[in-house]
*Asks:* 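Here it is, the structure in full.
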Amino acid sequence: MHRRNFIRSLSRSAAVFSCADLLGGLPLGVEFVNVAKDSGLRAQTIYGSLARNKFLIETTGCGAAFFDFDHDGWLDIFLVNGTRFETTWPAGAAPVSRLYKNNRDGTFTDVTIPAGIARTGWGSGCCVGDYNNDGLDDLFVTYWGDCSLWKNLGNGKFADVAASAGVTTRTISGLKRHNTGCAFLDYDRDGHLDLFIANYIDFDPKTAPLPESGPCKYKGILVACGPPGLQGGRNILFHNEGNGKFTDVSGSSGILKTPGTYGLGVVAADLDNDGWPDIYVANDSTSSTLYRNNHDGTFTDIAIEAGAAYSADGKPQAGMGVAVADYDGDGRLDIVKTNFAGDTTSLYRNVDKGIFDDQTFQAGLGRVTRFLGWGAAFLDFDNDSYPDILLCNGHVFPEVGESGTESGYRQRKVAYRNLGNGKFAEVSASLGPGILEQVPGRGMAVGDFDNDGDLDVLVNCVNDLPQLLRCQSTRNHNWIKIKAVGVRSNRSAIGARVICHAAGRRLIAEVSSGGSYLSQNDLRVHFGLASAERATIEILWPSGLHDRLSDLPVNQIVRVLEGSSPA
């Protein structure tokens, strides 16, 4: 990762809770409050040693998911967990990934054990999709080593079918793969969800360099070595054969033909508006990857020529998380990417047909460089119809502690309000204690867990409790949420382009698996509508079908079955 100087972050004690943004002192009317403990999220995520890490794998942390596993219309929560190299866990005490059922009253119940989904290991990322089209969303979880495909059995229970489905990842050249970000996508539009997995490094602790043997230092402190000097991982693409099994097509599809490696965050979306899903991967310490879908089962990495591989000055970055949205309302999906401390966040504006222009500085994201970014999200937190940006931060090395010359290991989040003119204003200090609370954040997911029309945030932290940031708004802006259900298309409707017409504006979004940093957002598509009281929704399905629902009342969740009226 790039090691650049950065200054100390704004401390919570120094923050001014004026509740005013930068627009003439007008109040934002929005704040985020951490309700994790009160909501029942009380299990700590374990990931690596507390004060000193020997290996790079201990630093990356893991993701989180908002998904409705029991299809009752309320978002449940999944938190990936890790482990430690030096610890032997007593029986029943080993950390496991956690599944929490939404009780529909603001609280959650831990159902990990009865659901059969507990697993101990070096968990990384997660993504959601109904891979077998049985109407139940399934869960894929990446690991250092073999991954898990948790088939949803429909009775509150899951079964790991990774081996029988053919999506084991195992080893390469005698080293275990460190699988990271993932996404379900129907890249050939045959109605069956395929699976993409990014890979960070191929790693064996028996042969990996130690901080002392490097020696590997950050600002004079001995730290875990890498990723430069370690074997970079190779990304994987599995094709869904439609019978519950997958075939590895990484080679024949062109996925292996890319200069970038050290993959972390993944997003799949139609970035060139040709109706086919492309794949973007945030890579650490090298060029990022943009796989263009060639419509014939193959991909070509065009990140460099497309202008989405490097920083504005043409340098490789330590990319972590990634998100897409049409932030400027031109009908094209743009990209935001988090990077290492001392660097800016990257904002790539989609100019046309998947060609990007780096607008980081012009849009106002170039001033804040002191934080180390992980999770990334476009979310309309004030429901004014313009996607805002939220970034989750935390230093990679616990050894930096809370020194006076660094932002520290624990860091606050950074929030940017979309001003509606292609520019953003940083409003972090006005968004409440949940944003300013300093944590070692990693994965971040967005979803409306209490169905009140405001978007909430779930954060997985390293060796700490998670955050559940409930959005509390006094703006009284309207909204509409679309739950798309495929028939000819994949049942989860992943890849469906949703268009919202309201008050003279045209808003777009896609149903998406994966994203952010190793995490999964709500599969329901959310539109803030400001003062608009009616909305017309169009859905362009992966199958080619086109649905239109006219003059819908706002402030509701609309379930749309492909090829029919709301169901």
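Keep in mind that the numbers below use all heavy atoms, side chains included, and drop hydrogens, waters and symmetry copies. Position 1 is the first residue of the sequence; numbering continues from there.
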*Asks:* For D160 and A162, indicate whether the former's side chain and the latter's backbone hold a donor-acceptor pair under 3.5 Å.
*Replies:*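 Present.
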*Asks:* State, to 0.1 Å, how close P277 and D186 come at their nearest heavy-atom pair, and which atoms those are.
*Replies:*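 It is CG-O, 3.6 Å.
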*Asks:* Report the residue from D334, D328, D326 that forms a salt bridge (charged side-chain N to carboxylate O under 4.0 Å, His left out) with R349.
*Replies:*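 With R349 as partner, salt bridge (charged side-chain N to carboxylate O under 4.0 Å, His left out) holds for just one option, D328.
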*Asks:* Considering all heavy atoms of both residues, which atom of C62 and which atom of Y47 are nearest to each other, and what is their separation?
*Replies:*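 Answer, listing the atom of C62 first, then Y47: SG-CD1, 3.8 Å.
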*Asks:* Hey, which of L431, L469, L391 is the one that makes side-chain contact (heavy atoms from CB on, under 4.5 Å) with K413?
*Replies:*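 Output: one option passes, namely L469.
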*Asks:* Do L56 and Y200 come within less than 4.5 Å of each other through their side chains, counting heavy atoms only?
*Replies:*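 Heavy-atom side-chain distance check passes, below 4.5 Å.
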*Asks:* Between S97 and V80, what is the shortest heavy-atom contact and its length?
*Replies:*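 Looks like OG-CA, 3.5 Å.
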*Asks:* Between F78 and V141, is there a side-chain heavy-atom distance shorter than 4.5 Å?
*Replies:*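 Yes, side chains in contact.
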*Asks:* Using 4.0 Å as the upper bound for N to carboxylate O, is an ion pair formed by R410 and D464?
*Replies:*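 Salt bridge flag = yes for R410 with D464.
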*Asks:* Is there a side-chain contact between T345 and V336 (heavy atoms, below 4.5 Å)?
*Replies:*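 Answer yes - side chains close enough.
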*Asks:* Hey, are Y291 and N235 close enough side-chain-wise for a donor-acceptor pair under 3.5 Å?
*Replies:*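 A donor-acceptor contact under 3.5 Å links the two side chains.
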*Asks:* Strictly by modelled atom types, are T289 and N283 linked by a side-chain donor-acceptor pair under 3.5 Å?
*Replies:*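 A pair is found: one side chain offers a donor N or O, the other an acceptor, under 3.5 Å apart.
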*Asks:* For residues E426 and R412, report the shortest heavy-atom separation together with the two atoms involved.
*Replies:*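 Closest approach of E426 to R412, heavy atoms only: OE2-NH1, 3.3 Å.
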*Asks:* Only one of Y327, Y386, F361 passes ring-ring contact (aromatic ring centres under 6.0 Å, His included) with F424; say which it is.
*Replies:*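 Result: among Y327, Y386, F361, Y327 is the only option passing the ring-ring contact (aromatic ring centres under 6.0 Å, His included) with F424.
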*Asks:* Does the side-chain hydrogen bond (donor to acceptor under 3.5 Å, both in side chains) test come out yes or no for D274 and H295, once each step is laid out?
*Replies:* CA-CA 9 Å; D274 64 356; H295 310 175; 2.6 Å; yes
*Asks:* Do the ring planes of F397 and Y218 sit parallel (below 30°), tilted (30 to 60°) or perpendicular (above 60°)?
*Replies:*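 It falls in the tilted class, 30° to 60°.
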*Asks:* Flag the pair D204 and K206 as a salt bridge only when some basic side-chain nitrogen lies within less than 4.0 angstrom of an acidic carboxylate oxygen.
*Replies:*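 Looking at D204 and K206, the cut-off is not met.
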*Asks:* Please report the C-alpha distance between V266 and F196 in whole Å, then the side-chain angles of each, then the deciding distance to 0.1 Å, and finally whether the side chain to side chain contact (heavy atoms under 4.5 Å, CB included) criterion is met.
*Replies:* CA-CA 9 Å; V266 172; F196 178 87; 3.7 Å; yes
*Asks:* If you count every heavy atom of other residues, nucleotides or ligands that lies below 6.0 Å from R234 atom CZ, does the total exceed 12?
*Replies:*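 No, not enclosed.
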*Asks:* Under a 3.5 Å threshold, yes or no: a donor from one side chain and an acceptor from the other, between N339 and S346?
*Replies:*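 Result is yes, a qualifying pair exists.
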*Asks:* Locate the shortest heavy-atom distance separating I494 from P542; write the atom from each residue and the value.
*Replies:*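 It is O-CG, 3.6 Å.
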*Asks:* Without swapping roles, check the side chain of D278 against the backbone of L271 for a donor-acceptor pair under 3.5 Å.
*Replies:*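 Such a contact is found between D278 side chain and L271 backbone.
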*Asks:* Are C216 and L222 side-chain neighbours, meaning at least one heavy-atom pair lies under 4.5 Å?
*Replies:*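 The answer is no; the side chains never approach within 4.5 Å.
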*Asks:* Less than 3.5 Å apart, any donor N or O on the side chain of D188 or H239 sitting next to an acceptor on the other?
*Replies:*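 Result is yes, a qualifying pair exists.
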*Asks:* Say whether R84 and N463, considering side chains only, have a donor N or O and an acceptor N or O under 3.5 Å apart.
*Replies:*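 Note: R84 and N463 side chains meet the donor-acceptor criterion.
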*Asks:* What verdict does the side-chain hydrogen bond (donor to acceptor under 3.5 Å, both in side chains) test give for D248 and S250, after you've listed the backbone C-alpha separation in whole Å, the side-chain angles of each residue and the deciding distance to 0.1 Å?
*Replies:* CA-CA 6 Å; D248 188 337; S250 308; 2.6 Å; yes
*Asks:* Go through it in stages, so that I can follow the logic: the residues are R442 and T60, the test is side chain to side chain contact (heavy atoms under 4.5 Å, CB included), and I'd like the CA-CA distance, side-chain angles, deciding distance and then a yes or no.
*Replies:* CA-CA 8 Å; R442 294 296 187 268; T60 52; 5.9 Å; no
*Asks:* I'd like to check D138 versus D130 (side-chain heavy atoms, cut-off strictly below 4.5 Å). Are they in contact?
*Replies:*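 Yes, side chains in contact.
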*Asks:* Using modelled atom types only, decide if a donor and an acceptor are shared between the side chain of S253 and the backbone of T298 within a distance under 3.5 Å.
*Replies:*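 Side chain of S253 to backbone of T298: no pair is present.
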*Asks:* Among side-chain atoms of T142 and N179, is any donor-acceptor pair under 3.5 angstrom?
*Replies:*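 Looking only at side-chain atoms, N179 and T142 do not form any donor-acceptor pair under 3.5 Å.
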*Asks:* Applying side-chain contact (heavy atoms from CB on, under 4.5 Å) between L390 and each of V457, V414, V446, report the one that passes.
*Replies:*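 Checked V457, V414, V446 against L390; only one passes side-chain contact (heavy atoms from CB on, under 4.5 Å): V457.
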*Asks:* Does D301 come within less than 4.0 Å of R292, counting only side-chain N to carboxylate O?
*Replies:*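 Between R292 and D301 there is no salt bridge, as every charged N stays at least 4.0 Å from the carboxylate O atoms.
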*Asks:* So, T59 versus N53: side-chain donor-acceptor pair below 3.5 Å or not?
*Replies:*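 Absent: no donor and acceptor within the cut-off.
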*Asks:* Which of these passes ring-ring contact (aromatic ring centres under 6.0 Å, His included) with F299: Y187, Y280, W276?
*Replies:*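 Option passing the ring-ring contact (aromatic ring centres under 6.0 Å, His included) with F299: Y187.
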*Asks:* Checking side-chain polar atoms at under 3.5 Å, does Q317 have a donor or acceptor matched by the opposite partner on K337?
*Replies:*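 Checked: Q317/K337 side chains pair up, N/O donor to acceptor below 3.5 Å.
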*Asks:* If the plane angle is over 60° it's perpendicular, under 30° parallel, otherwise tilted; pick one for W144 and W122.
*Replies:*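 Rings of W144 and W122: perpendicular, as their planes differ by over 60°.
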*Asks:* Decide yes or no on side chain to side chain contact (heavy atoms under 4.5 Å, CB included) for N418 and F378, but give the supporting numbers first.
*Replies:* CA-CA 10 Å; N418 191 329; F378 280 108; over 6 Å; no
*Asks:* Could you walk me through whether C126 and C182 pass the disulfide bond (SG atoms under 2.5 Å apart) check?
*Replies:* CA-CA 6 Å; C126 57; C182 63; over 6 Å; no
*Asks:* Measuring centre to centre across the rings, with the benzene-like ring taken for any Trp, is F85 within less than 6.0 Å of F55?
*Replies:*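 Aromatic pair counts; centres sit under 6.0 Å.
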*Asks:* Is R119 close enough and on-axis enough to Y143, meaning under 6.0 Å and within 45°, for cation-pi?
*Replies:*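 Yes - R119 lies over the ring of Y143, closer than 6.0 Å to its centre and within 45° of its axis.
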*Asks:* Take T360 and T344 through the test side chain to side chain contact (heavy atoms under 4.5 Å, CB included) and record every step on the way to the result.
*Replies:* CA-CA 8 Å; T360 301; T344 68; 3.6 Å; yes
*Asks:* Strictly under 6.0 Å, is that where the ring centroids of H192 and F246 end up?
*Replies:*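 No, ring centres 6.0 Å or more apart.
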*Asks:* Where do Y310 and D358 land on the side-chain hydrogen bond (donor to acceptor under 3.5 Å, both in side chains) test, with the steps shown first?
*Replies:* CA-CA 9 Å; Y310 299 117; D358 192 315; over 6 Å; no
*Asks:* Would a distance-only check, ignoring hydrogens and angles, find a side-chain to backbone donor-acceptor pair under 3.5 Å from Q520 to G514?
*Replies:*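 Between the backbone of G514 and the side chain of Q520 there is a qualifying donor-acceptor contact (under 3.5 Å).
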*Asks:* Any side-chain heavy atom of Y131 within less than 4.5 Å of one from F140?
*Replies:*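 SC-SC contact between Y131 and F140 ruled out.
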*Asks:* Report the C-alpha distance between D388 and Y416 in whole Å, list the side-chain angles of each, state the deciding distance to 0.1 Å, and finish with yes or no for side-chain hydrogen bond (donor to acceptor under 3.5 Å, both in side chains).
*Replies:* CA-CA 6 Å; D388 309 300; Y416 293 96; over 6 Å; no
